[in-house]
Amino acid sequence: MDGSSEKLTGANSKYGDPPGCYIATAVYGSYDCPQVWTLRRFRDHTLAASWYGRTFLHAYYAVSPTLVKWFGRTAWFQKLWRGPLDRLVARLRDEGVADTPYQDREW
């Protein structure tokens, strides 16, 4: 995988939609909120820019839709992920990743 032209695939990409931030959306309650905007920017501009980031994304999109379908509405699942996601979002914001409305990159 050298990467520049490789497309990411997610559970909903076969319908023409970009891969979602499944776990973050379950935790924060919306795909369009400041925390998820920050994470989406990180996905599109940092993770998708390297072969190891794209490898992580492929694995994430293979597993996370099912995890969220099974457990996404449970309090323990949301509590499990809330702290790590809050810390990641805070770190990304400290590094200059914006939390303003974001339009996903064209996949």
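Computed from a predicted model, the values in this text were never measured in an experiment.
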Using a 3.5 Å cut-off and no angle test, enumerate the donor-acceptor pairs between side-chain atoms of residues 81-92 and protein atoms at least two apart in sequence or in another chain.
from	atom 1	to	atom 2	distance (Å)
Arg82	NE	Asp86	OD1	3.3
Arg82	NE	Asp86	OD2	3.3
Asp86	OD1	Tyr28	OH	2.6
Arg87	NH1	Gly83	O	3.4
Arg91	NE	Glu95	OE2	3.2

Pairs touching residues 63-72 that satisfy side chain to side chain donor-acceptor pair (under 3.5 Å), sequence neighbours left out
none
Using the side-chain hydrogen bond (donor to acceptor under 3.5 Å, both in side chains) criterion, which residues pair with Thr74? Sequence neighbours excluded.
Trp76
Not counting sequence neighbours, list each pair that qualifies as a salt bridge (charged side-chain N to carboxylate O under 4.0 Å, His left out) and has a residue in residues 28-42.
Asp32-Arg40, Arg40-Asp104
Cluster overlap Leu57 with Phe42, hydrophobic side-chain contacts below 4.5 Å
yes
Can you tell me how far the OG atom of Ser30 sits from the CH2 atom of Trp37, to the nearest 0.5 Å?
7.5 Å
Show your working on side chain to side chain contact (heavy atoms under 4.5 Å, CB included) between Val36 and Tyr102 and close with a plain yes or no.
CA-CA 9 Å; Val36 179; Tyr102 181 67; over 6 Å; no
How many angstroms lie between atom CD1 of Ile23 and atom OH of Tyr60, to the nearest 0.5 angstrom?
4.5 Å
To the nearest 0.5 Å, tell me how far Thr25 OG1 sits from Gln35 CD.
10.5 Å
Shortest non-hydrogen contact from Arg105 toward Ala48:
NH1-CB, 3.4 Å
Determine the minimum heavy-atom distance between Arg54 and Ala49, stating which atoms define it.
NH1-C, 3.5 Å
Taking all heavy atoms of Gln78 and all of Ala26, pick out the closest pair and write down the distance.
NE2-O, 3.5 Å
Please verify the inter-ring angle class for Tyr61 with Tyr22; under 30° counts as parallel, over 60° as perpendicular, anything in between as tilted.
perpendicular
Rounded to the nearest 0.5 angstrom, the CG-CG distance for Asp44 and Leu39 is 11.0 Å
